[in-house]
Amino acid sequence: MSNDNKNADEVDLKKDIFEALLEKHEVQRALCAKLEKTEGEAQRKAVYEALKLELQAHAAAEERHLYIPVMQHDEGLDLSRHAITEHHEMDEMMETLDDGRIGQEKWDRTCADLIHKVHHHLKEEENEFFKQAKNILDTDLQQRLGPLYQVEHAEFEQTHADD
């Protein structure tokens, strides 16, 4: 089976952790762009739900299969702590967006803040974190972590699709 026909839930054993993460980063960018362009409250909330599931699946799998291995090295502690802090900040924004008691203006403002934070985090991760992490983790481990991340991400999405 070629990669072009690959089901999103299948694992590509050839992808290392960074290739797998970059693929999901593009999904996140596309969902953010779609959310920015979508009009209508119900339609925007539907796109937001897709983004939220993707961000949550990505964060869980990334923290377990990249941040923790990087944290096991002294030079990776601060690096991973910063990235986890940014995930937590996005979680808090999503909690605000999920609070049915907030008005539309606050929802729109928080949504814009979340999109900004996602873009900031992806850029920082790709331009700084990944470069340093590649020097911390050996190539063999990077390769083994890719499929683990993919499985964890897919399982999270399947388990939480109806949340």
Side-chain angles (χ1 to χ4, degrees), residues 3 6 8-9 11-12 14-39 43-98 105-139 141-154 156-157 160:
N3 283 344
K6 184 171 78 76
D9 291 337
V11 174
D12 184 344
K14 295 180 200 140
K15 286 187 180 164
D16 70 16
I17 185 68
F18 301 105
E19 293 165 325
L21 290 166
L22 286 169
E23 180 178 69
K24 291 302 182 180
H25 284 186
E26 290 309 312
V27 170
Q28 293 166 30
R29 285 184 177 98
L31 286 168
C32 285
K34 184 175 182 181
L35 185 53
E36 285 178 315
K37 293 175 189 164
T38 301
E39 295 184 15
Q43 294 86 345
R44 290 195 77 211
K45 288 192 177 176
V47 176
Y48 159 70
E49 289 298 327
L51 175 62
K52 178 175 82 168
L53 180 59
E54 168 56 33
L55 291 174
Q56 290 174 332
H58 177 75
E62 183 176 53
E63 288 172 12
R64 290 181 180 133
H65 300 293
L66 179 62
Y67 296 172
I68 288 175
V70 169
M71 285 182 97
Q72 292 176 352
H73 301 266
D74 289 346
E75 64 272 29
L77 280 171
D78 288 339
L79 194 62
S80 291
R81 286 177 181 152
H82 176 75
I84 289 170
T85 298
E86 289 190 346
H87 281 183
H88 180 69
E89 290 168 356
M90 287 183 264
D91 287 342
E92 289 180 333
M93 289 179 202
M94 290 184 284
E95 284 179 24
T96 299
L97 291 167
D98 292 339
E105 186 177 314
K106 182 171 183 177
W107 195 94
D108 290 340
R109 188 172 55 250
T110 304
C111 186
D113 291 345
L114 176 63
I115 291 168
H116 176 77
K117 177 57 96 176
V118 169
H119 286 296
H120 162 82
H121 180 71
L122 298 180
K123 182 178 178 184
E124 187 172 71
E125 202 166 66
E126 292 168 6
N127 294 329
E128 297 173 29
F129 188 99
F130 287 4
K131 288 178 183 176
Q132 293 178 47
K134 284 178 182 182
N135 291 325
I136 293 171
L137 304 175
D138 67 58
T139 306
L141 182 56
Q142 292 173 36
Q143 196 62 49
R144 290 193 323 263
L145 291 171
L148 294 172
Y149 165 83
Q150 293 172 70
V151 168
E152 177 94 21
H153 188 287
F156 188 100
E157 280 190 323
H160 298 281

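Here, residue 1 is the first one in the sequence, and each next residue gets the next number.
- Side-chain atoms of Glu157 do not come within 3.5 Å of backbone N or O of Ala57 as any donor-acceptor pair.
- Rounding to the nearest 0.5 angstrom, the gap separating the CD1 atom in Ile115 from the CD atom in Glu36 is 4.5 Å.
- The side chain to side chain donor-acceptor pair (under 3.5 Å) search around Asp108 returns Arg44, Gln104, not counting sequence neighbours.
- With sequence neighbours left out, the side chain to side chain contact (heavy atoms under 4.5 Å, CB included) criterion links Glu128 to Glu124, Gln132.
- With rounding to the nearest 0.5 angstrom, the OH atom of Tyr149 is 5.0 Å from the CG atom of Leu21.
- Looking only at distances, no side-chain donor or acceptor of Glu125 sits under 3.5 Å from a matching main-chain atom of Ala83.
- Note that CE of Met71 and CD1 of Ile84 are 5.0 Å apart. Values are rounded to the nearest 0.5 Å.
- Between His65 and Ile17, the shortest heavy-atom contact is O-CD1, 3.9 Å.
- Considering only residues two or more places apart in sequence or on other chains, Gln28 meets the side chain to side chain donor-acceptor pair (under 3.5 Å) condition with Glu54, His58.
- Contact detail for Lys15 and Glu19: the closest heavy-atom pair is CA-OE1, 3.1 Å.
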Derivation of the side chain to side chain contact (heavy atoms under 4.5 Å, CB included) call for Leu145 and Phe18: CA-CA 9 Å; Leu145 291 171; Phe18 301 105; over 6 Å; no
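- By the side chain to side chain contact (heavy atoms under 4.5 Å, CB included) test, Arg29 pairs with His25, Glu26, His119, Leu122, Glu126, sequence neighbours left out.
- Using a 4.5 Å heavy-atom cutoff, the side chains of Lys45 and Trp107 are in contact.
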Let me see the working for His87 and His121 under side chain to side chain contact (heavy atoms under 4.5 Å, CB included), right down to the final yes or no. CA-CA 8 Å; His87 281 183; His121 180 71; 3.1 Å; yes
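- To the nearest 0.5 angstrom, Ser80 atom OG is 6.5 Å from Leu66 atom CG.
- In terms of the ring pair (Phe, Tyr, Trp, His ring centres under 6.0 Å) criterion, residue partners of Phe156 (sequence neighbours excluded) are, by chain and number, His160.
- Leu35 approaches Tyr48 most closely through the heavy-atom pair CD1-N, 3.9 Å.
- In terms of the salt bridge (Lys or Arg N to Asp or Glu O under 4.0 Å) criterion, residue partners of Asp98 (sequence neighbours excluded) are, by chain and number, Lys52.
- Every side chain to side chain contact (heavy atoms under 4.5 Å, CB included) that Lys106 has, sequence neighbours left out, goes to Thr96, Ile102, Arg109, Thr110.
- Contacts classified as salt bridge (Lys or Arg N to Asp or Glu O under 4.0 Å) and involving residues 58-70 (residues at least two apart or in different chains) are given here: Arg64-Glu152.
- Closest approach of Cys111 to Leu97, counting heavy atoms only: N-CD2, 3.7 Å.
- The list of salt bridge (Lys or Arg N to Asp or Glu O under 4.0 Å) pairs with a residue in residues 79-90, not counting sequence neighbours, reads Asp78-Arg81, Glu89-Lys117.
- Put simply, CD on Gln72 and CG on Leu137 are 9.0 Å apart, with the number rounded to the nearest 0.5 Å.
- Ala20 approaches Gly146 most closely through the heavy-atom pair CB-O, 4.2 Å.
- The distance from the CG atom of Leu55 to the CG atom of Leu31 is 8.0 Å, given to the nearest 0.5 Å.
- Within 6.0 Å of the NZ atom in Lys34, the count of heavy atoms belonging to other residues, nucleotides or ligands does not exceed 12.
- Residues satisfying the ring pair (Phe, Tyr, Trp, His ring centres under 6.0 Å) criterion with His120, sequence neighbours excluded, are absent altogether.
- Gln143 pairs by the side chain to side chain donor-acceptor pair (under 3.5 Å) definition with nothing, not counting sequence neighbours.
- By the neighbour-count criterion of 12 heavy atoms within 6.0 Å, atom CG of Asp138 is densely surrounded, having more than that number from other residues, nucleotides or ligands.
- For Glu92, the side chain to side chain contact (heavy atoms under 4.5 Å, CB included) partners at least two apart in sequence or on another chain are His88.
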